[in-house]
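Encoded as structure tokens, the structure appears first; notes follow it.
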Amino acid sequence: MIQTLFGSLDQPEKRSVFDRMRDAVARTRESLSDKIEGVVALTREVDEAAFEELEGVLLASDLGMSTTGAVLGALRERSRRQAICNGAELKTLLRAELLAILQARDSLPKRVIKPPEVIFLVGVNGTGKTTTSGKLAAWYRKQGRTVLLCAADTFRAAAIEQLAVWAQRAGVEMIKTRQGGDPSAVLFDAVQAANARRTDLLLVDTAGRLHTKTGLMAELDKMRRTAQRIIWDAPHEVLLVLDATTGQNGLQQARLFTESAGVTGIVLTKLDGTAKGGIVVAIAQELKLPVRFVGVGEKMDDLLAFESEAFVDSLLGTA
Amino acid sequence: MFENLQDKLQRAFKNLRGQGTVTEANIHDALREIRLALLEADVNLLVVKELIEHIRAKALGQEVMTSLSPTEQVIKIVRDELVALLGKDTARFQFASRPPTVILMAGLQGSGKTTTSGKLAAWLQKGGHRPMLVSVDVYRPAARQQLKIVAQSIKANLYEGDERGEPAGPALVERLAKEARREAVNSGCDTLIVDTAGRLGIDTELMDEMAMLKALLGPQEILFVADAMTGQDAVRSAEAFHKRLALTGTVLSKMDGDARGGAALSIRHVTGQPVKFIGTGEKPDAFEPFHPDRIVSRLLGMGDMMTLIERAESTLDRKQSEAFAKKALSGDGFSLEDFRDQLRQIRKLGSLQSIMKMLPSVGPFQGIQQMADQVDEKQFVRVEAIINSMTKKERNNHEILSGSRRKRIADGSGTTVQEVNQLLKQYAQMRRMFKDMGKGGGAMQRRAMSMLGGMKGMGR
């Protein structure tokens with residue numbers, strides 16, 4: 001590759017979101033669909049062994065016992081009713097079943113009456129909140145909206161510096177305080193600034209916290225109230241940033257963060273690894289929380305809007 | 001939310017009584033419950049399969065012992081099997097014959113390598129070592145700055161190095177690592193902890209860099225830092241790292257949450273290397289050697305008394321507790337002021353939920369784990385607010401609390417007179433209970449009751 005001052009001379013190939021999403025979950029697809037193909041090929045007729053094998057496949061992608069049970073239960077019922085007799089039809093049914101779960105959503109993002117729209121990013125430690133904040137800032141900028149970042153993670157060492165680098169990369173401004181400062185105070189300043197500047201969007205990067213720490217969870221509630229003192233219906237969106245490698249604990253995270261912070265959607269990060277992120281299906285099943293974005297790398301444009309069809313198709317290899 | 005394995009097995013075995021041996025038929029349900037419990041705990045599917053076969057083989061045809069119920073018997077087999085898989089040799093460190101001993105930290109993004117590096121340095125310092133920290137994570141923004149702040153907070157040596165505007169890449173990583181080792185030797189540090197960038201096991205370029213670091217530094221330990229919340233993928237990532245680097249052990253981070261930590265079993269299974277430490281919080285000293293038997297209890301949802309006791313011993317002020325017990329058991333009884341001190345002590349142990357979850361669900365604590373989810377943590381805060389709203393005189397002599405005083409206290413604490421009354425009633429009951437106990441009962445029981453009494457009163 002020839003490097004110049006302005007980057008590579010090679011034209012980066014333009015690929016659709018759909019393609020990239022598919023690439024991102026390709027590894028997931030390989031393993032999962034291989035196994036499903038195996039099941040499908042082996043079973044000309046659909047018998048109990050085929051279901052048991054499918055159960056193993058779904059469990060291995062972190063869907064969890066109860067969601068797997070529910071999916072298989074529905075699948076059994078429908079395959080009996082529709083007299084499904086081969087594996088390919090079973091796969092179509094499974095696809096429809098997973099799609100139905102992922103698309104059932106209770107909460108639509110609030111209509112923002114007047115800017116700024118306030119978005120909180122919350123989650124446990126190390127899921128990628130700061131990185132996602134930076135990428136999201138760039139994503140919205142690309143859509144022509146003005147963005148302000150708020151560095152409300154005042155706890156973790158160098159979190160503010162990390163977000164500052166992202167702010168610079170994305171070309172947006174950032175409101176910050178010193179490390180150890182009060183997150184609600186910096187949030188207040190940021191909301192006021194966004195309000196005064198008529199910024200379209202305020203992205204708030206919060207400190208990582210385990211959902212079991214009640215004191216820290218209460219802090220999120222306080223931050224909500226702080227934002228509401230200036231903008232009554234803020235935050236308009238609360239995104240739970242979830243690591244795709246997360247196992248069954250993800251469900252508990254989603255529950256407790258929804259309780260204290262009113263989560264409205266999920267960002268599934270690190271989907272470029274071998275992890276499957278199947279836990280989002282379990283979360284959608286129980287809490288009806290939609291996935292809004294997926295993170296697929298460390299670069300600024302490695303953030304994609306979530307497409308449930310692409311996700312499931314890639315998962316099952318039916319694309 | 002989680003029902004513990006013991007209860008489930010009890011149900012699966014309810015028909016087993018009176019039979020001489022455990023047979024294929026009646027163990028089927030039990031094995032299914034065990035399988036579910038392990039899967040819910042995020043143990044990898046393949047590992048679960050293998051474990052279940054072992055357990056089946058051991059359980060089959062075993063005499064039903066009279067001393068143990070079938071449930072207890074099967075649980076014992078499960079426990080033994082899991083402990084055997086996890087191994088006994090934990091937290092043993094290889095030190096180099098010629099210092100510095102090099103410890104290479106590896107792991108996925110966000111698993112907690114930087115925080116763990118700092119904790120490990122603090123742990124080594126406590127053991128009389130002189131560790132030096134260096135970060136070769138030149139990729140993530142502010143990663144090196146993060147380690148610098150961590151090092152400062154624990155007063156550990158750090159090789160900061162200068163990137164000199166060099167582009168992020170293996171060359172820069174190599175230079176920083178070399179310089180750090182030289183610096184460690186020159187400043188008489190006996191260990192060098194190398195914090196690396198988070199990477200995916202399938203990222204060939206970055207794994208090559210890791211292999212280069214290994215060849216360059218000849219580390220005695222390569223620790224894999226893994227998030228306790230990891231699901232089924234733990235096997236794949238651990239395998240990828242192990243294949244390339246030959247890991248020497250694992251650190252399981254974020255164990256202070258409510259994840260069951262089944263990843264520990266999966267990682268141990270694929271790497272064959274022990275889990276050496278667990279991270280239990282964000283503070284530098286929230287770091288403990290790993291104990292297989294304890295995590296097994298946690299995996300199975302059976303409480304973790306040992307950790308609770310240890311935590312109590314390290315955080316509670318023993319003198320104060322004993323003074324309280326003495327006072328409580330004597331004729332005078334304890335005051336509301338003492339009561340508040342005790343409350344604060346218990347709260348230091350962590351959330352009431354987490355404490356209750358560590359209790360085994362047998363004997364006197366039966367049902368307490370299930371209650372844990374309904375506990376209102378705020379109750380603690382409210383009780384303390386009520387006592388805070390009293391004057392010192394009132395705290396030391398509850399008898400002067402007249403109606404108007406109670407009204408003032410309720411207003412001051414943002415509660416109601418009813419709540420104040422209820423607290424006073426509970427306080428009076430506990431006071432009486434302790435006084436009665438003071439007339440009889442052993443010292444141990446007294447200590448145990450002093451904690452429990454406080455908790456039961458609060459966790460209505």
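Just so it is clear: chains get the letters A, B, ... in the order the sequence lines come, proteins before strands, and each one is counted from 1. For clarity, every value in this text was computed on a predicted model and none was experimentally measured.
Within the 4.5 angstrom heavy-atom criterion, only side-chain atoms of Leu108(B), from C-beta onward, approach chain A. Contact annotation for Glu55(A): only side-chain heavy atoms (C-beta onward) come within less than 4.5 Å of a heavy atom of chain B. Looking at Arg199(B), neither its backbone nor its side chain comes within 4.5 Å of chain A, counting heavy atoms on both sides. Contact annotation for Thr269(A): neither backbone nor side-chain heavy atoms come within less than 4.5 Å of a heavy atom of chain B. Interface residue Glu282(B): only side-chain heavy atoms are found under 4.5 Å from chain A.
The residue among Arg144(B), Lys254(B), Gln152(B), Lys49(B) with the most heavy atom pairs within less than 4.5 Å of chain A is Lys254(B). Residue with the most contacts toward chain B among Ile160(A), Asp62(A), Val165(A), Leu59(A): Asp62(A) (heavy-atom pairs, distance under 4.5 Å).
The 12-atom threshold is not exceeded at CD of Gln168(A), counting heavy atoms of other residues, nucleotides or ligands nearer than 6.0 Å.
For the residue pair Leu45(B) and Ala60(A), the shortest heavy atom distance occurs at CD2-CB, 4.0 Å. Shortest non-hydrogen contact noted between Ala157(A) and Gln146(B) is O-CG, 3.1 Å.
Rounded to the nearest 0.5 Å, atoms CE (Met65(A)) and CG (Leu36(B)) are 4.5 Å apart. Atoms CG and OG1, from Asp42(B) and Thr246(A) in turn, are 9.0 Å apart once rounded to the nearest 0.5 Å. To the nearest 0.5 angstrom, Thr274(A) atom OG1 is 12.0 Å from Gln232(B) atom CD. Taking NZ of Lys213(A) as the reference point, atom CG of Asp258(B) lies at 11.0 Å (rounded to 0.5 Å). Once rounded to the nearest 0.5 Å, the distance linking CD of Gln109(B) with CD of Glu298(A) reads 4.5 Å. The CD atom of Gln162(A) sits 4.5 Å away from atom CZ of Arg140(B), with the distance rounded to the nearest 0.5 Å.
Residues of residues 122-134 of chain A having a heavy atom under 4.5 Å from any heavy atom of chain B, listed by number: Val124(A), Asn125(A), Gly126(A).
By the 4.5 Å heavy-atom criterion applied to side chains, Leu210(A) and Met229(B) are counted as neighbours.
Listed by chain and number, the residues in a ring pair (Phe, Tyr, Trp, His ring centres under 6.0 Å) with Phe224(B) are Phe241(B) (sequence neighbours excluded).
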**Request:** Begin from the C-alpha positions of Thr245(A) and Asp227(B) and carry the test side-chain contact (heavy atoms from CB on, under 4.5 Å) through to its verdict.
**Result:** CA-CA 9 Å; Thr245(A) 58; Asp227(B) 189 322; 5.8 Å; no

